[in-house]
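Note that the coordinates shown come from a computational prediction; the quantities given were computed from them, not determined experimentally.
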Amino acid sequence: MKNLAQVKYSLLKLFVSANIAALVKSLVSLGLLALVLCFSVSAKAAEHVNELGCLKNEYVADVLKDFNVEFSGSVEAMQIDVCNQKSFSYRLALALIYLKHGQYNVGRPSEDQSFENLFATITPYDFVKKYVQTVKVNDCKRVRHAWAYAVPGKSEINICAKKIIEWDKASYKVLSAIRIASLIVHEVRHIDPSKANHESTKVCSNCDLNVEQKGSYFFEKEFLYNIHKNGKNFSAAERNEARSWAEFVLDKNFIERANLVRPSRK
């Protein structure tokens with residue numbers, strides 16, 4: 001009986017050991033699979049950047065052939081610094097790349113109250129390119145609070161680089177390329193003189209009246225929600241950031257507050 005018990009115990013040890021080995025092997029396989037998937041997603045999100053973190057020249061050249069980018073005033077650089085991720089010129093170039101090379105499910109309908117999928121029939125880049133030929137980077141000395149501005153009827157937008165850099169320093173943050181891209185979309189909406197301009201009240205200065213007007217802030221939040229909901233070559237962090245800015249716009253930039261149901265989080 002003792003020998004039989006030892007045999008049973010040995011068989012049990014072999015069975016447990018075999019199952020543990022199989023479990024470890026499965027976990028290792030799953031871990032490797034997750035690592036590969038993670039790397040693939042990261043690589044896709046960073047397709048415009050080389051191994052040194054510099055913007056790839058072909059992407060920069062591609063967007064600059066579509067726009068005349070003019071630097072003036074005392075802004076930090078008179079040319080684009082493709083390797084300094086904190087420089088304004090890097091972020092501006094990346095914003096244009098996001099606009100042109102961001103991948104979306106363009107025709108995908110939206111079921112969310114606060115996101116109509118405005119860009120279901122036209123890409124954000126086609127919308128910008130339709131109205132803008134020149135991007136002017138300057139000090140914007142006559143502008144008090146805006147980070148960018150456009151003049152109705154003119155095919156140009158002005159980016160207030162000095163004010164953005166001052167905001168960076170004051171907030172100990174860096175205004176991201178996604179946010180700069182959303183500002184461009186916002187300002188392009190102002191170029192069409194037939195559209196409603198901002199209004200001011202005691203509770204909201206330079207705001208859209210409501211989302212129904214489909215003004216500049218409406219276009220801005222639609223672009224940001226589009227990245228969050230449909231952006232196929234953006235990282236999870238970028239999509240979450242886009243959502244945060246979209247909700248900031250909804251909460252802060254409409255006189256008649258947009259108490260709409262927000263898109264579900266993924």
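The distance from the CG atom of N138 to the NZ atom of K163 is 10.0 Å, given to the nearest 0.5 Å. Rounding to the nearest 0.5 Å places CD of E222 at 13.0 Å from OG of S182.
With Y149 as the aromatic partner, K136 does not meet the cation-pi criteria of under 6.0 angstrom to the ring centre and within 45 degrees of the ring axis.
Under the 3.5 Å distance criterion, the side-chain polar atoms of Q213 are matched with a main-chain donor or acceptor of L209. Between the side chain of R243 and the backbone N or O of Y225 there is no donor-acceptor pair closer than 3.5 Å. Remark: the backbone N or O of T134 is not paired with any side-chain donor or acceptor of N68 at under 3.5 angstrom. Judged by distance alone, with hydrogens and angles left aside, the side-chain atoms of R189 form a donor-acceptor pair with the main-chain N or O of K214 at under 3.5 Å.
In this structure, D168 pairs ionically with R91, as a charged nitrogen and a carboxylate oxygen lie closer than 4.0 Å.
For Q85, there are no side-chain hydrogen bond (donor to acceptor under 3.5 Å, both in side chains) partners two or more places apart in sequence or in a different chain. Every residue two or more places apart in sequence or in another chain that forms a side-chain hydrogen bond (donor to acceptor under 3.5 Å, both in side chains) with D66 is listed here: K100, Y125.
Summarising the local packing, NZ of K154 is surrounded by 12 or fewer heavy atoms from other residues, nucleotides or ligands at distances under 6.0 Å. Atom CD of Q133 sits in a sparse spot, with 12 or fewer heavy atoms from other residues, nucleotides or ligands closer than 6.0 Å.
Aromatic rings of H48 and Y98 (six-membered ring for Trp) have centroids within the 6.0 Å cut-off, being under it. The ring of F219 has its center no closer than 6.0 angstrom to the ring center of H186.
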| request: Starting from the C-alpha separation in whole Å, work towards a yes-or-no answer on side chain to side chain donor-acceptor pair (under 3.5 Å) for N253 and H198. | output: CA-CA 9 Å; N253 297 116; H198 295 323; over 6 Å; no
